[in-house]
Amino acid sequence: MSTRTAVRTPSDRSVSGWYSILPEPGPARELADDITADWVIVGAGFAGLAAAHRLANRCPGERIVLLDAQRVGWGAAGRNSGFMIDLPHELNSDNYTSGADEDRRKIARNRAGIAAMKEAVDAYGLHEHFNPCGKLHGATDGNGLRALGEFENHLDALDEPYTHLSAADMKHITGSDYYAGGMHAPGAVIIQPAALVRGITDGLANRVHIYENSPAIEITPGDAPVVRTRRGSVTAGKLILTVNGHLESFGYAAKRLVHVFLYASMTRELTSAEQRTLGGRDEWALIPADPMGTTVRRLREGRIVVRNSATYNPAMSVGEDDIARAGGANDASFRARFPMLGNVEMAYRWAGHLCLSLNSVPVFGEIERGIISACCQNGLGTVAGTLHGRLAADLALGSNDPVIAELLADEPPRRLYPEPFMSLGVKASLWWYRRRAGRDF
């Protein structure tokens, strides 16, 4: 088996607001020796932490090593909007849905991911970062209302509960009169993503050897796979890769993964007077009726987060100019929804990496001798990543879980179209989706 050398390692710019509002972490422990272990997991996001938590429970006394290229919570796991969504959430559709049978399967898997996270939350006392309050869908015009109606009809067919909300209901909840209507879906969980992954890491620290700022730069598969970092190495009995889109950096699933970045901004903390002027509830979370619209969250801490804009970045990185351009779109959407907060400025701006496949399937299972992948979460890193990480550990332990069999039976991610057609097509699609979103953007 030949060694695979990473052509790039994660290097996220501009600290996210989620990470910034937390207390400064202690010094990072970097891997600086050549060590052995029973297990090595690369990537301390939702999937990697779920795998580590599962192995720590199932294999007490075995040596488990978890590597992350950056500080835990700094990368993609701490850059999302903090939704653990149970219902269909197909980003390539007009209204999040696909076929009824497929969506029932996705709902079951998403709820299994939420349940797995709840187990870790209970184990490590992280309830303040895990709020099972459900999510809002917000429609701002006729197009959004039509998409919302289609989604509600689909939920009726699936026998899933929801509450339809009028424009007045939306204003009562959000304080904004921008929304023409909406819906509340009770099964979603709202999280502080950076706090949650850092909290799980702290909870695992006495059972798992965790090394930060220790990017994997080489992987050698085999009966005893080896992971090399800049200053050390781990030789283990089994390797689990939970690096999402960076799987392609090692040459796996080459030309089969779509790398998209979404952009968010977080306000400074609102004053008491500003919060009274805004009105509404002190915490809520909203996704747009059109999948390419603007996601909005109001935090208990008195801040507002908006996320919109998407770019296609096959090199898996963005520049400060990209963040600044998207920040202008974030600001415009914020001002449209909250004109009463005209003096409130953004304190943080950042970008987050999503990995998708053209046919919306993950890369799950043994991809080379001794190496199991739980990557490509298709925009649902919180729930799908948590489930796939847990199931990757179970697969390595010989489990016959039927969901593992379903995942292994999936076709692989489809090959991307050749360049320049792939880039031109994705960019044209993103432009069209943004136009279609209308006022929902």
Side-chain angles (χ1 to χ4, degrees), residues 46-47 76 80 85-110 112-113 150-151 154 158 241-262 290-292 310-314 316 352-368 371-389 391-392 395 401-433 436:
F46 290 96
N80 59 77
I85 295 174
D86 62 328
L87 295 177
H89 196 73
E90 178 56 65
L91 297 177
N92 292 326
S93 75
D94 294 343
N95 55 21
Y96 300 107
T97 65
S98 51
D101 289 343
E102 176 65 16
D103 281 347
R104 288 189 181 94
R105 185 177 72 159
K106 289 179 178 177
I107 290 170
R109 290 184 183 180
N110 291 345
E150 291 168 0
F151 188 66
H154 191 66
L158 296 175
L241 282 178
T242 53
V243 292
N244 207 18
H246 276 278
L247 183 70
E248 191 172 4
S249 296
F250 294 98
Y252 296 111
K255 304 297 183 182
R256 294 177 183 270
L257 305 181
V258 182
H259 304 284
V260 172
F261 281 77
L262 297 179
D290 186 289
M292 286 302 292
T311 58
Y312 177 53
N313 302 81
M316 300 183 226
H353 181 191
L354 286 95
C355 177
L356 315 170
S357 61
L358 292 180
N359 48 340
S360 300
V361 296
V363 183
F364 179 87
E366 189 168 33
I367 54 175
E368 208 164 355
I371 302 178
I372 292 176
S373 167
C375 298
C376 187
Q377 312 304 348
N378 288 285
L380 283 172
T382 57
V383 289
T386 299
L387 178 63
H388 295 161
L391 292 177
L395 174 63
D401 188 307
V403 180
I404 292 177
E406 291 177 7
L407 289 168
L408 294 177
D410 279 341
E411 62 179 352
R414 289 208 303 265
R415 286 194 64 86
L416 305 185
Y417 302 106
E419 292 292 356
F421 303 107
M422 184 66 197
S423 291
L424 291 172
V426 174
K427 290 174 182 178
S429 295
L430 292 174
W431 176 86
W432 167 245
Y433 291 152
R436 184 195 66 191

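Residue numbers start at 1 and run along the sequence shown.
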Report task. Only pairs at least two apart or in different chains count here, so list each salt bridge (charged side-chain N to carboxylate O under 4.0 Å, His left out) that has a residue in residues 404-418. Result ->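 Non-adjacent pairs meeting salt bridge (charged side-chain N to carboxylate O under 4.0 Å, His left out): Arg105-Asp410, Arg109-Glu406.
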
If every non-hydrogen atom of [X] is compared with every non-hydrogen atom of [Y], which pair is closest and at what distance?
X: Ala47; Y: Gln377; result: CB-NE2, 4.3 Å
X: Met292; Y: Tyr433; result: CG-CB, 3.3 Å
X: Arg436; Y: Pro291; result: NH2-CD, 4.0 Å
X: Ala112; Y: Leu387; result: CB-CD1, 3.9 Å
X: Cys376; Y: Ser357; result: SG-N, 3.8 Å
X: Leu87; Y: Asn110; result: O-ND2, 3.5 Å

Hey, what do you get for [atom1] ([X]) to [atom2] ([Y]), rounding to the nearest 0.5 Å?
X: Phe364; Y: Leu391; atom1: CZ; atom2: CG; result: 5.0 Å
X: Leu408; Y: Leu395; atom1: CG; atom2: CG; result: 6.0 Å
X: Leu358; Y: Arg256; atom1: CG; atom2: CZ; result: 10.0 Å
X: Lys106; Y: Ser360; atom1: NZ; atom2: OG; result: 5.5 Å

Query - Side-chain heavy atoms of Pro412 within contact of Val363, under 4.5 Å - result: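 No, too far: nothing below the 4.5 Å cut-off.
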
Query raised in the report: Does the side chain of Asp103 pick up a donor-acceptor pair with the side chain of His154 at under 3.5 Å?
Result: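 Yes.
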
Query raised in the report: Can you check whether Cys375's main-chain N or O pairs, donor with acceptor, with Asn244's side chain at less than 3.5 Å?
Result: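 No.
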
Requested in this report: Could you list the residues that satisfy side chain to side chain donor-acceptor pair (under 3.5 Å) with Thr97, not counting sequence neighbours?
Outcome: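 Testing Thr97 for side chain to side chain donor-acceptor pair (under 3.5 Å), a comparison that skips the adjacent residues, returns Asn95.
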
Report task. Determine the sole option in Asn378, Leu262, Leu380, Val258 for which the side chain to side chain contact (heavy atoms under 4.5 Å, CB included) test with Leu354 is passed. Result ->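 Looking at Asn378, Leu262, Leu380, Val258, the match for Leu354 under the side chain to side chain contact (heavy atoms under 4.5 Å, CB included) is Leu262.
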
Less than 3.5 Å apart, which donor and acceptor atoms pair up between the side chains of residues 245-255 and the rest of the protein, not counting sequence neighbours?
from	atom 1	to	atom 2	distance (Å)
His246	ND1	Ser249	OG	3.0
Glu248	OE1	His259	NE2	2.7
Glu248	OE2	Lys255	N	3.0
Ser249	OG	Arg8	NH1	3.4
Tyr252	OH	Arg4	NE	3.2
Tyr252	OH	Glu368	OE1	2.6

Report task. On the 0 to 90° scale, with breaks at 30° and 60°, tag the Phe151-Tyr96 ring pair as parallel, tilted or perpendicular. Result ->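 Perpendicular.
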
